[in-house]
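The chains referred to below are lettered A, B, ... by the order of the sequence lines, with proteins before strands, and numbering in each begins at 1. Just the heavy atoms: all of them, side chains too, but no hydrogens, waters or symmetry mates, feed the values below.
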2 protein chains.
Amino acid sequence: MLSIIIENYLKSIFHLSQNENNRITTTELAKYMNVKSASITDMMQRLEGMDLVDYKKYQGVILTNLGRKRAIDLVRKHRLWEVFLVEKLQFTWSEVHVVAEQLEHIHSEKLIDRLEHFLGNPKWDPHGDPIPDKEGTMETREQFPLAELLKGETATILGVSLDDENFLKFLEESELTIGKKILVNTAFSFDDSVQILANKQLINLSKKVAQHILVRKD
Amino acid sequence: MLSIIIENYLKSIFHLSQNENNRITTTELAKYMNVKSASITDMMQRLEGMDLVDYKKYQGVILTNLGRKRAIDLVRKHRLWEVFLVEKLQFTWSEVHVVAEQLEHIHSEKLIDRLEHFLGNPKWDPHGDPIPDKEGTMETREQFPLAELLKGETATILGVSLDDENFLKFLEESELTIGKKILVNTAFSFDDSVQILANKQLINLSKKVAQHILVRKD
DNA sequence: ATAATTATTTAGGTTTGTCTAATTTTTTAA
DNA sequence: TTAAAAAATTAGACAAACCTAAATAATTAT
């Protein structure tokens, strides 16, 4: 059974390399995980020996199939627990992450399968991220950053692409939550900010915020 | 924040010393936890320094108020999670313990308070053990080992006093679960076993089994 | 193409939590 | 009440997961 620490390494590598499925550098990983590069090198050599990563000196690291399987399993657990916390225990969007980070390390296949069923086999978590099934398969859908919408377009909020507590708090306070309909009132070219209409209110969103809200065009 | 390992030490000391509230020896604790006595001595010196236990060389160990508070908090979490597993996820009596042993180490006061409310503020866990409230107070009630009943007496099963997986499996298979009514048909003096009537069937119980089933006399 | 800079690895050290073997203290039995 | 046995502690070692400082490799800028 993998230690919690090793599980966290796998998850971090997975998150950093999933966009491009490219090798990531030890420095990148060190920054992301808040440990020193020397510790990364150390651990990568151990994980290589466990066939969890493909690591070559000075060439960075990438997950093996086994490592990816384990990482996706953690993502599955994390996201199912997030659904539980929000739907059953009324946690807010911004509160769930810290707790789910702990819960994802509970080892029990029966627990997670039963939890999935108890929650009604959800396919998306409270941030709009897909929940992998037992085989690691996740659903996909067309979605865009709100920032890409043009003046006058309408859309529905599907999720977010940034898991920052204050960002999520801001969205909660602005009531910009999943399912909400929005209309782009103005797109300002001078700073790429946008003004949207949501909940019958005009709300200004910075470029960064608009980039990390994911929507479906209506 | 206490490590999982330290939390397990506190819980073990608590369980071993709660009957008599007496000091326990390092050897007792070592056997219970499946580690060597030397490791216990080592750890006790650390815990003494953290004001979690009162430990004196060659005189055994007992929890301080602080240590007991922490241990009861773990018991609270363990038992609430057991209720969740049984009531919401349909785990059986004998399956819950291993998973709850992991879940009890999740750190989040909000999580456990919300869970308690979600479960309807239960006062007893699936084994019939009392669930401490936030202040550490638990309910009490009159209960006896089934072994103490006399021929002809009727009773209701309240719980068990042994957390052994095979013992619990046996009870599940015999449908001797919480709330079941029983009647003592015969008490055999030669081996202290008893024959009871439950679920319209005659069931023979060894002395050990009868000692670890807790009942209320009707 | 070489020098300077940056990235990465190696070497050696620390803490936590365990172990075995040796020693000391306590308990039990003669 | 002393000797033998049992229990408990100390000493020293080890693995995991980190660290700092030094060395080496790769990249970049001149």
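- Environment of NE2 in B:H107: crowded, with over 12 heavy atoms of neighbouring residues, nucleotides or ligands closer than 6.0 Å.
- The interatomic distance linking B:I5 (CD1) with D:dA17 (C1') rounds to 13 Å, in whole Å.
- In this structure, the CZ atom of B:R23 is 16 Å from the C1' atom of D:dA7, given to the nearest Å.
- The phosphate of C:dT24 has neither OP1 nor OP2 within less than 4.0 Å of any side-chain N or O from B:K57.
- Distances shorter than 4.0 Å separate none of the side-chain N or O atoms of B:T41 from OP1 or OP2 on D:dT10.
- Between A:D42 and B:K56, the residue anchored nearer the 5' end of DNA chain D, judged by the nucleotide with its closest heavy atom, is B:K56.
- Distances shorter than 4.0 Å separate none of the side-chain N or O atoms of B:Y58 from OP1 or OP2 on D:dA6.
- When all heavy atoms of A:R68 and A:L63 are compared, the closest pair comes out as NH2-O, 3.4 Å.
- The distance between atom CD1 of A:I4 and atom C1' of C:dG17, rounded to the nearest whole Å, is 15 Å.
- Checking the phosphate oxygens (OP1, OP2) of C:dG17, no side-chain nitrogen or oxygen of B:S39 falls inside 4.0 Å.
- An OP1 or OP2 oxygen of C:dT18 is reached within less than 4.0 angstrom by a side-chain nitrogen or oxygen of B:Y9.
- Checking B:H78 against B:D125 by side-chain atom types alone, no donor-acceptor pair falls below 3.5 Å.
- Interatomic distance, CD of B:E104 versus CD of B:E82, reported as 9.0 Å (0.5 Å rounding).
- Between B:S3 and C:dT16 there is no side-chain N or O to OP1 or OP2 distance below 4.0 Å.
- Between A:T26 and C:dT9, a side-chain N or O to OP1/OP2 separation shorter than 4.0 Å is present.
- Using a 4.0 Å cut-off, no side-chain N or O of B:Q45 falls inside it from OP1 or OP2 of D:dT9.
- A:E7 places its CD atom 11 Å from the P atom of D:dA17, with the value rounded to the nearest Å.
- Atom P of nucleotide C:dA7 and atom CD of A:E28 are separated by 11 Å, given to the nearest angstrom.
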Donor-acceptor list for residues 167-174 of chain B side chains, cut-off 3.5 Å, not counting sequence neighbours:
{"unit_1": "B:E172", "atom_1": "OE1", "unit_2": "B:S94", "atom_2": "OG", "d": "3.3"}
{"unit_1": "B:E172", "atom_1": "OE2", "unit_2": "B:W93", "atom_2": "N", "d": "2.9"}
{"unit_1": "B:E172", "atom_1": "OE2", "unit_2": "B:S94", "atom_2": "N", "d": "2.7"}
{"unit_1": "B:E172", "atom_1": "OE2", "unit_2": "B:S94", "atom_2": "OG", "d": "3.4"}
{"unit_1": "B:S174", "atom_1": "OG", "unit_2": "B:F170", "atom_2": "O", "d": "2.7"}

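- Between the CZ atom of A:R46 and the P atom of D:dA17 there is a distance of 4 Å, rounded to whole Å.
- For the pair B:K36 and C:dG17, the criterion of a side-chain N or O lying under 4.0 Å from OP1 or OP2 is not met.
- With rounding to whole Å, B:M43 atom CE is found 8 Å from C:dT16 atom C1'.
- Between the CG atom of B:L2 and the P atom of C:dT15 there is a distance of 19 Å, rounded to whole Å.
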